[in-house]
Amino acid sequence: MNIFEYMNNNEHEQLVLCQDEKSGLKAIIAIHDTTLGPALGGTRMWTYNSEEEAIEDALRLSRGMTYKNAAAGLNIGGGKAVIMGDPNSDKSEEMWRAYGRFVQSLNGRYITAQDVGVKVDDIDNINLETEHVAGLQSKSGDPSPATAYGVYSGVKAVAEQVWGDSSLSGKTVAVQGLGSVGQYLCGHLHEEGANIIVTDIYQETIDKVVSQYGAKAVEPDEIYEQEADIFAPCALGAILNDETIPKLKVKAVAGAANNQLKDEKVHGEELKKRGIAHAPDYVLNAGGVMNVSEEISGYDKDKAYRKIATIYDRIKKCFEIAKRDDITTHEAANRMAEERIEAIKNVKTSYVRY
Ligand SMILES: NC(=O)C1=CN([C@@H]2O[C@H](COP(=O)(O)OP(=O)(O)OC[C@H]3O[C@@H](n4cnc5c(N)ncnc54)[C@H](O)[C@@H]3O)[C@@H](O)[C@H]2O)C=CC1
Ligand SMILES: O=C(O)CCC(=O)C(=O)O
């Protein structure tokens, strides 16, 4: 991989390699774009097969955060970090503190938070060394309830788009993945009177949701072909692909999972061709980052949730742009993010800094 060429082609600003021999820390911080403000995005801890794979993941994820934050209307840019290691065995207080010092050295250009493999306790340890970290136990904590609330708001916008009524009462929603977000989402759907079909790879989790919400359980590979109104992917990426799309009987796809389209262009077009409304994932799942970013100015939960509720209008805007320009909703989301960054970039200031 030619790193500078990759960064140039994808318009990245900065890549920072951090290592601390004693604690075993090997971290990569990628800052994609700070036009809208300091770069914010979680840290992922993962057993990467190579340094190259880790660098590429950090660069790819940081660019995704620029789009997510811009489309969410936040005044923050896009960044992400990865730590090479096993989250089950390689964590220690000294590793998090060494990492926190590297984050601090960027002086606020990058604000970190949670991602895969990183828990609230780890965030609190990072906070021992830097103020540029969000998602603290004492403030916004676990982002999943906020993400689920945003997804729920967006699913209602999709219902309005498809059926002319945002009510989910009597609608059938097939939820794939009953992790942190999936379970909270089922709670909202149940409360509104939706029928829920669920799947997961863990029987214990399925049993819990079936008994709590009267959901119907199906095998993981059966979820695509359910006679439902909405399919809500809340587990893995790339699940909208050549094999799964032909099986879908739903009118809409709207769920929390990141990078749902295996190929953004090909599979976005395929859904459009079949008349299946797709809520762009990074617009729908921005509730977590909307919540956590509130910590930058203190933390006010009500204010954060009012912001998260705007996901309803943001999803509607994606459908409007898609219709206006005859493009997929995913392309519409990208356009919405790019247009905002470009517009803000061009705002002139009359303040002259000495
Ligand atoms: N937690 C958050 O605040 C945010 C999460 N997301 C995305 O939402 C999705 C869900 O996130 P979480 O609930 O936090 O993750 P999680 O790891 O808690 O839950 C994922 C669930 O999917 C299940 N699963 C895995 N493979 C499966 C399969 N083949 N079929 C059915 N179920 C399967 C797992 O057993 C697990 O219960 C992920 O794609 C994540 O990247 C996006 C933004 C924020
Ligand atoms: O939700 C968070 O805690 C961090 C935001 C983030 O990295 C994401 O939305 O992928």
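Every number for a ligand or one of its atoms is a count from 1 in the order of the listing.
- Ranking the protein heavy atoms by distance from atom 24 (N) of ligand 1 puts Ala235 CB, 3.7 Å first.
- Using a 4.0 Å cut-off to heavy atoms of Ser144, the atoms of ligand 1 that qualify are 1 (N), 3 (O).
- Leu185 and Val289 fall within a single hydrophobic cluster, where Ile, Leu, Val, Met, Phe, Trp and Tyr side chains are chained together by heavy-atom contacts under 4.5 Å.
- Residues Tyr149 and His188 place their aromatic rings such that the two centres sit under 6.0 Å apart.
- For the residue pair Thr310 / Arg314, a side-chain donor-acceptor distance below 3.5 Å is found, with atom types taken as modelled.
- In the model, Asn195 has a side-chain atom that pairs as donor or acceptor with a side-chain atom of Thr172 under 3.5 Å.
- Counting only heavy atoms of the protein, atom 7 (C) of ligand 1 lies nearest to Ala256 O, 3.4 Å.
- Of all atoms in ligand 2, listed by their number and element, those nearer than 4.0 Å to a heavy atom of Gly41 are 7 (O).
- Looking at Pro143, Gly182, Cys234, it is Cys234 that brings a heavy atom closest to atom 20 (C) of ligand 1.
- Under the 6.0 Å distance and 45° angle rule, Lys251 does not count as a cation-pi partner of Trp163.
- Contact annotation: Leu236 has at least one heavy atom less than 4.0 Å from an atom of ligand 1.
- With hydrogens left out, the protein atom closest to atom 36 (C) of ligand 1 is Asp200 OD2, 3.5 Å, a heavy atom.
- Contact between Gly177 and ligand 1 is present, with at least one heavy atom of the residue lying under 4.0 Å from the ligand.
- For atom 27 (C) of ligand 1, the closest non-hydrogen atom of the protein is Ile201 CG2, 3.9 Å.
- Comparing Gly141, Gly288, Ser293 against atom 1 (O) of ligand 2, the shortest heavy-atom distance belongs to Gly288.
- For ligand 2, none of its N or O atoms has an N or O atom of Met65 under 3.5 Å away.
- Below 30°, between 30° and 60°, or above 60°: for His190 and Tyr213 the angle between ring planes is between 30° and 60°, a tilted geometry.
- Lys68 NZ, 2.8 Å is the protein heavy atom nearest to atom 9 (O) of ligand 2.
- Residues satisfying the side-chain hydrogen bond (donor to acceptor under 3.5 Å, both in side chains) criterion with Glu338, sequence neighbours excluded, are Tyr67.
- Looking only at atom types and distance, the side chain of Tyr152 has a donor-acceptor partner in the side chain of Glu192 under 3.5 Å away.
- Across the listed options Val151, Val116, Val181, Val181 owns the non-hydrogen atom lying nearest to atom 13 (O) of ligand 1.
- Among all non-hydrogen protein atoms, the one lying nearest atom 15 (O) of ligand 1 is Ser180 N, 4.6 Å.
- Scanning all protein heavy atoms for the shortest distance to atom 30 (N) of ligand 1 gives Pro220 CB, 3.9 Å.
- Partner Glu331 forms a side chain to side chain donor-acceptor pair (under 3.5 Å) with one of Thr328, Thr329, Asn334 and no other, that one being Thr328.
- The protein heavy-atom contact nearest to atom 40 (C) of ligand 1 is Asn258 ND2, 4.1 Å.
- Between the side chain of Glu13 and the backbone N or O of Thr34 there is at least one donor-acceptor pair closer than 3.5 Å.
- The presence of a protein heavy atom under 4.0 Å from atom 17 (O) of ligand 1 is ruled out.
- Within ligand 2, the atoms closer than 4.0 Å to a non-hydrogen atom of Lys80 are 6 (C), 7 (O), 8 (C), 10 (O), numbered from 1 in the order shown.
- With respect to atom 21 (C) of ligand 1, the closest heavy atom belonging to the protein is Gly179 N, 3.6 Å.
- Heavy-atom proximity to Ala257, at under 4.0 Å, picks out these atoms of ligand 1: 8 (O), 9 (C), 39 (O).
- Lys249 places a side-chain N or O within 3.5 Å of a backbone atom of Glu225 that can act as its donor or acceptor partner.
- Which parts of ligand 2 touch Ala113 is read off a 4.0 Å heavy-atom cut-off, strictly below it: atoms 3 (O), 4 (C).
- The backbone N or O of Asn10 lies less than 3.5 Å from a partner atom in the side chain of His32, making a donor-acceptor pair.
- No side-chain donor-acceptor contact under 3.5 Å links Asn259 and Asp281.
- Protein heavy atom nearest atom 2 (C) of ligand 2, with residue, atom name and distance: Gln114 O, 3.8 Å.
- Cation-pi contact between Lys301 and Tyr305: present, with separation from the ring centre below 6.0 Å and deviation from the ring axis of at most 45°.
- For ligand 1, the atoms closer than 4.0 angstrom to any heavy atom of Leu178 are 37 (O).
- Taking every heavy atom of Tyr202 and a limit of under 4.0 angstrom, the matching atoms of ligand 1 come to 35 (O).
- Heavy-atom separations between Gly135 and ligand 2 are all 4.0 Å or longer.
- Residues forming a side-chain hydrogen bond (donor to acceptor under 3.5 Å, both in side chains) with Asn346 (at least two apart in sequence, or on another chain): none.
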